[in-house]
Amino acid sequence: MFKVVVSLVALVVAIAAVVSAAPASDDASATILTHESRLEPDGAYSYKYATSNGIQAEESGIGGQSVQGSASWVGDDGVPIVLTYTADENGFRPQGVHLPTPPPIPDYILRALRYIEAKQAGQNGRK
């Protein structure tokens, strides 16, 4: 029962996050175009929906264990945004071109790391 509650809470939070990210001007008059959902006694679930203001989302998983899904909408600047994600024992891993990425590691840091790795390999080889 706990897994079902956790799954339903996750579903509500995901829907709220996607809906809040859509342009506000279309939200007031948006209608649900399609909606499908499934919830199994073992905690497996899936849902899929689309709205008239361009929001689409789908997700499936096993409550409290793993989930994979995607959501898409049009940003305030008119650019389509697509977010895919997985969540499991390794944490939440979102993917999308709109997400920030870390800057590349500077060359001198990479050389230093290779030097340290070579030193440690050499010391481990002598033991």
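Source: prediction; values computed, not measured. Residue indices begin at 1 and follow the sequence shown.
Applying the ring-ring contact (aromatic ring centres under 6.0 Å, His included) test to residues at least two apart or on different chains, none of the pairs has a partner in residues 50-71. Within the structure, salt bridge (Lys or Arg N to Asp or Glu O under 4.0 Å) pairs that include any residue of residues 94-106 do not occur (at least two apart or interchain). Residue pairs meeting the salt bridge (Lys or Arg N to Asp or Glu O under 4.0 Å) criterion with at least one member in residues 79-89, sequence neighbours excluded: D88-R93.
Hydrophobic clustering (ILVMFWY, side-chain heavy atoms < 4.5 Å, transitive): L99 and W73 are in one cluster.
The side-chain heavy atoms of Y45 and V67, taken from C-beta on, include a pair separated by under 4.5 Å.
In this structure, the side chain to side chain donor-acceptor pair (under 3.5 Å) partners of R38, at least two apart in sequence or on a different chain, are E40, S46. Scanning for side chain to side chain contact (heavy atoms under 4.5 Å, CB included) contacts around F92 gives Y85, A87, P94, with sequence neighbours left out. Partners of A50 according to the side chain to side chain contact (heavy atoms under 4.5 Å, CB included) rule, which considers only residues two or more places apart in sequence or in another chain, are T34, Q56. Looking at residues two or more places apart in sequence or on another chain, you find a side chain to side chain donor-acceptor pair (under 3.5 Å) between S60 and Q68.
For the atom pair OG1 (T51) and NE2 (H35), the distance works out to 12.0 Å, reported to the nearest 0.5 Å. The line from CD of E59 to OG1 of T84 is 12.0 Å long, rounded to the nearest 0.5 Å. In this structure, the separation between CG on L83 and NE2 on H98 is 5.0 Å, given to the nearest 0.5 Å.
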Counting only pairs under 3.5 Å, give me each side-chain donor-acceptor contact of residues 100-111, with atom names and distances, residues two or more places apart or in other chains.
none

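Taking both residues in full, the closest heavy atoms of I81 and G75 are given as CD1-CA, 4.0 Å, listed atom of the first, atom of the second, then distance.
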